[in-house]
Participant: 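Take this structure, written in structure tokens, and hold onto it; I'll ask about it next.
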Amino acid sequence: MTRTVSDGRSLDGWRAELRAWFGEHVPHDLPPLDDHAASAGYRAWERELADAGYAAVHWPVEHGGRAASEPERLVFQEEYERAGGPARINIQSLMLAGPTLMAFGTARQQRRWLPAMLRSDEVWCQGFSEPDAGSDLASLRTQAVRQGDDLVVNGQKIWTTGAHYSDWVFALVRTGKEGPKHHGISWLMVDLRTPGVQVRPIVQLNGRPEFAEIFFEDVRVPVDNVVGGLGNGWRVAMAALGFERGVGRRSYVQYLTRLEYLRRAIASAGVRLEPAIELEFGEVLAQVLMYRDYTARVAAEAASEHPTATSAYNKLIWSEIQVRLFQLGERVLRATGDLRDGGGTAAAEEWMAEYWYSRAARIFAGTNQIQKNIIADRVLKLPR
Ligand SMILES: Cc1cc2nc3c(=O)[nH]c(=O)nc-3n(C[C@H](O)[C@H](O)[C@H](O)COP(=O)(O)OP(=O)(O)OC[C@H]3O[C@@H](n4cnc5c(N)ncnc54)[C@H](O)[C@@H]3O)c2cc1C
């Protein structure tokens, strides 16, 4: 197999390859990802992706990736969503922890964790937020005190997506108390099966346990599990969040697919929508097409002048589309009769589960207010 994506391949050739492979292999019958048992099918799917060279196309070749450029990565995402591919269970390590290890980890750490990340033999979650440290992350208080070759961890994380089916967490912990609050933080890899770790799922409005709290009580973790050096975690974390930049993670296709579903529901019900709903439909469609063009343009630019601000714009655009799209769908599905008080078709109920989740889009991955602060600060240069 060609090792990198671009070796001898045009973007169209890459798209055709992916469309054919996904058409044959994408599973459509995985259960909701509600617990560890349900994760088995998702792990098997990730192994299949890894065997075919598709698990982490953006990773360098020496670590099992395909060195995909940003446009190639965007095409991957578009085709994955077009094929209706399932949630990527190990996205936190493929996007964040893996690239962080490549940049800051020792050779031993890379050998220990990267191959198992690529094949999802070990699934990871991100333990940054705490009850009193969200946007103001540097206020985190989970403590790790050195005793011999171990760090002893005490404290709590919250809103940890997927902790209830993960095996490991990459956590930010406080290893020093001197100086400004973003000093004395360390990036620590913790096996969730270590004695003293307790994971408690949090059930959301849509009835599903998307995330969890993690409690640490005298948890002993080898000091060798610190990545990037003791007390250097803030620098490591800021670099890690930079790896999330770029537009190749979320494509317009998932939104267009959902608008098409609504269009079919309207056609088969044979109803005439209120003009206000029709207008909203048109506006959401226009936003989705604008997002398509925006992501294509940004992906094609070699380097952005303001990469952090570009990613802030991107987050604002997709999260607002998400909220508006699912609100629109609720109105449409009521008009078509697919959704009624106290019930609806299976597809309409699935829509409502996503409707509730869409509200969170303005909060996770950095709240929209924080994104606006970044744009005000870095691009508009407004006074603080
Ligand atoms: C679905 C979901 C999944 C998540 N997954 C994870 C995960 O896997 N791992 C993890 O570590 N965390 C995760 N989080 C947590 C997420 O990162 C935090 O919720 C987010 O950073 C906001 O922090 P907070 O909830 O403490 O709110 P706060 O930071 O307390 O914010 C409260 C309000 O104040 C506003 N605000 C705060 N500071 C400012 C400011 N300087 N200027 C203007 N407005 C401001 C915010 O925008 C918000 O509206 C997840 C959250 C959600 C909803």
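Along the sequence shown, residues carry numbers from 1.
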Participant: Only one of Arg15, Arg292, Arg73 passes side chain to side chain donor-acceptor pair (under 3.5 Å) with Glu78; say which it is.
Facilitator: Arg15
Participant: Within the structure provided, determine whether Leu11 and Pro71 are in side-chain contact (heavy-atom separation under 4.5 Å).
Facilitator: yes
Participant: Using side chain to side chain donor-acceptor pair (under 3.5 Å) as the criterion, list what pairs up with Thr295, not counting sequence neighbours.
Facilitator: none
Participant: Would you please say whether a donor-acceptor pair under 3.5 Å links the side chains of Thr142 and Glu130?
Facilitator: yes
Participant: When you check the side-chain N and O atoms of Asp12 and Ser10, is any donor under 3.5 Å from an acceptor?
Facilitator: no
Participant: Linking Ile, Leu, Val, Met, Phe, Trp and Tyr through side-chain heavy atoms less than 4.5 Å apart, which residues share a cluster with Val219?
Facilitator: Leu151, Val153, Val169, Val173, Leu188, Val190, Leu192, Val197, Val199, Ile214, Phe216, Val221, Val223, Val226, Leu230
Participant: Asp338 side chain to Ala348 main-chain N or O, any donor-acceptor pair under 3.5 Å?
Facilitator: no
Participant: Check Ala212 against Pro201 and note the closest heavy-atom contact, atom names and distance.
Facilitator: CB-CA, 3.7 Å
Participant: Taking the ring centre of each residue, are Trp159 and Phe128 less than 6.0 Å apart?
Facilitator: no
Participant: Donor-acceptor pair, distance only, cut-off 3.5 Å: does the side chain of Glu217 make one with the backbone of Asn154?
Facilitator: no
Participant: Looking at side-chain heavy atoms only, is the closest gap between Thr160 and Gln126 below 4.5 Å?
Facilitator: no
Participant: Could you tell me whether Glu350 and Arg208 make a salt bridge, using a distance below 4.0 angstrom between a side-chain N and a carboxylate O?
Facilitator: yes
Participant: Give, for atom CZ of Arg43 and atom CD of Glu122, the distance between the pair rounded to the nearest 0.5 Å.
Facilitator: 9.0 Å
Participant: Using atom types as modelled and distance alone, determine if a side-chain donor or acceptor of Glu81 lies under 3.5 Å from a backbone N or O of Gln254.
Facilitator: yes
Participant: Going by distance alone, is a donor N or O of one side chain under 3.5 Å from an acceptor N or O of the other, for Ser186 and Asn232?
Facilitator: no
Participant: Can you measure from CD1 (Ile363) to CD (Gln369) and round to the nearest 0.5 angstrom?
Facilitator: 9.0 Å
Participant: Using the rule that Ile, Leu, Val, Met, Phe, Trp and Tyr join whenever any side-chain heavy atoms are under 4.5 Å apart, tell me whether Phe364 and Ile370 fall into a single cluster.
Facilitator: no
Participant: When you measure from the side chain of Glu79 to the backbone N and O of Phe76, does any donor-acceptor pair fall under 3.5 Å?
Facilitator: no
Participant: Is a side-chain donor or acceptor of Arg362 paired with a backbone partner of Arg359 at a separation under 3.5 angstrom?
Facilitator: no
Participant: Any chain of hydrophobic side-chain contacts (each under 4.5 Å) joining Leu262 to Leu279?
Facilitator: no
Participant: Mind checking who shares a hydrophobic cluster with Leu30, ILVMFWY linked at side-chain heavy-atom distances under 4.5 Å?
Facilitator: Leu33, Tyr42, Ile89, Val123, Tyr165
Participant: Calculate, to the nearest 0.5 Å, the distance between atoms CG and OG1 belonging to Asp218 and Thr194 respectively.
Facilitator: 13.0 Å
Participant: I'd like to know if Arg263 pairs up with Glu260 as an ion pair, taking the criterion as any Lys NZ or Arg NE/NH1/NH2 lying under 4.0 Å from an Asp or Glu carboxylate oxygen.
Facilitator: no
Participant: Under 4.5 Å between any side-chain heavy atoms of Ile202 and Arg200, yes or no?
Facilitator: no
Participant: Only counting residues at least two apart or in another chain, list the ones meeting side chain to side chain donor-acceptor pair (under 3.5 Å) with Thr345.
Facilitator: none
Participant: Minimum heavy-atom separation for Ser139 to Ala133, with atom names?
Facilitator: C-CB, 3.8 Å
Participant: Shortest non-hydrogen contact from Ala50 to Leu118?
Facilitator: CB-O, 3.6 Å
Participant: Kindly indicate whether the side chain of Tyr252, heavy atoms from C-beta on, has any atom under 4.5 Å from the side chain of Asp293.
Facilitator: no
Participant: Within the distance-only criterion (no hydrogens, no angle test), does the side chain of Arg146 pair as donor or acceptor with the backbone N or O of Gly148 below 3.5 angstrom?
Facilitator: yes
Participant: Minimum heavy-atom separation for Lys157 and Leu172, please, with both atom names.
Facilitator: NZ-O, 2.7 Å
Participant: Distance check, rounded to the nearest 0.5 Å: Leu328 atom CG versus Leu333 atom CG?
Facilitator: 9.0 Å
Participant: Are the side chain of Arg174 and the backbone N or O of His183 linked by a donor-acceptor pair below 3.5 Å?
Facilitator: yes
Participant: What's the spacing between Glu330 CD and Ile277 CD1 if we round to 0.5 Å?
Facilitator: 10.0 Å
Participant: Is the closest basic N to carboxylate O distance between Asp149 and Arg220 below 4.0 Å?
Facilitator: no
Participant: Kindly give the heavy-atom pair with the smallest separation between Gln156 and Pro131, and that separation in Å.
Facilitator: OE1-CG, 3.5 Å
Participant: With heavy-atom distances below 4.5 Å as the criterion, would you say the side chains of Trp59 and Leu94 are in contact?
Facilitator: yes
Participant: Name the one of Trp351, Tyr355, Trp356, Tyr357 that satisfies ring pair (Phe, Tyr, Trp, His ring centres under 6.0 Å) with Phe326?
Facilitator: Trp351
Participant: Quick one: do Arg112 and Asp224 make a salt bridge, cutoff under 4.0 Å?
Facilitator: no
Participant: Taking only residues two or more places apart in sequence or in another chain, which ones pass side chain to side chain donor-acceptor pair (under 3.5 Å) with Glu46?
Facilitator: Arg88
Participant: Are any side-chain N or O atoms of Gln327 and backbone N or O atoms of Gln322, one a donor and one an acceptor, separated by less than 3.5 Å?
Facilitator: no
Participant: In terms of hydrophobic clusters joined by side-chain contacts under 4.5 Å, are Leu316 and Val323 together?
Facilitator: no
Participant: Is the cationic atom of Arg82 (NZ for Lys, CZ for Arg) positioned less than 6.0 Å from the six-membered ring centroid of Phe22 and within 45 degrees of its normal?
Facilitator: no
Participant: Between Leu289 and Leu74, is there a shared hydrophobic cluster once you connect ILVMFWY residues whose side-chain heavy atoms come closer than 4.5 Å?
Facilitator: no
Participant: Between Tyr291 and Trp318 (judged by ring centroids, cut-off 6.0 Å), do the two rings come close enough to count as a pair?
Facilitator: no
Participant: Quick one: does Trp113's side chain get under 4.5 Å of Trp168's, heavy atoms only?
Facilitator: yes
Participant: Mark yes or no for whether Lys315, through its side chain, and Gly366, through its backbone, hold a donor-acceptor pair below 3.5 Å.
Facilitator: yes
Participant: Do we see a donor-acceptor contact under 3.5 Å between the side chains of Ser93 and Asn90?
Facilitator: yes
Participant: Output yes when Glu354 and Arg258 qualify as a salt bridge under the 4.0 Å nitrogen-oxygen rule, no when they do not.
Facilitator: yes
Participant: Would a hydrophobic clustering, with Ile, Leu, Val, Met, Phe, Trp and Tyr connected at side-chain separations under 4.5 Å, put Val203 with Met352?
Facilitator: no
Participant: Do Arg272 and Glu278 sit within salt-bridge range, that is, some charged N less than 4.0 Å from a carboxylate O?
Facilitator: yes
Participant: Set out, in order, the CA-CA distance, both residues' side-chain angles and the distance that settles side chain to side chain contact (heavy atoms under 4.5 Å, CB included) for Val332 and Glu280, then state yes or no.
Facilitator: CA-CA 10 Å; Val332 168; Glu280 179 66 6; over 6 Å; no
Participant: Listed by chain and number, what are the side chain to side chain donor-acceptor pair (under 3.5 Å) partners of Trp14, not counting sequence neighbours?
Facilitator: none
Participant: Look up atom CG in Leu101 and atom NE2 in His63, then write down how far apart they are to the nearest 0.5 Å.
Facilitator: 9.0 Å
Participant: When you compare the side chain of Asn314 with that of Ile317, does any pair of heavy atoms fall below 4.5 Å?
Facilitator: no
Participant: Write down the atom of Ile185, the atom of Trp234, and the distance for their closest heavy-atom approach.
Facilitator: CD1-CE3, 3.9 Å
Participant: Taking 4.0 angstrom as the limit, do Asp136 and Lys181 come out as a salt bridge?
Facilitator: yes
Participant: When you measure from the side chain of His164 to the backbone N and O of Pro209, does any donor-acceptor pair fall under 3.5 Å?
Facilitator: yes
Participant: Taking side chain as C-beta onward, heavy atoms only, is Leu256 less than 4.5 Å from Leu285?
Facilitator: yes
Participant: One thing to verify: whether Arg324 and Glu283 come together as a salt bridge, which I'm taking to mean a side-chain N less than 4.0 angstrom from a carboxylate O.
Facilitator: yes
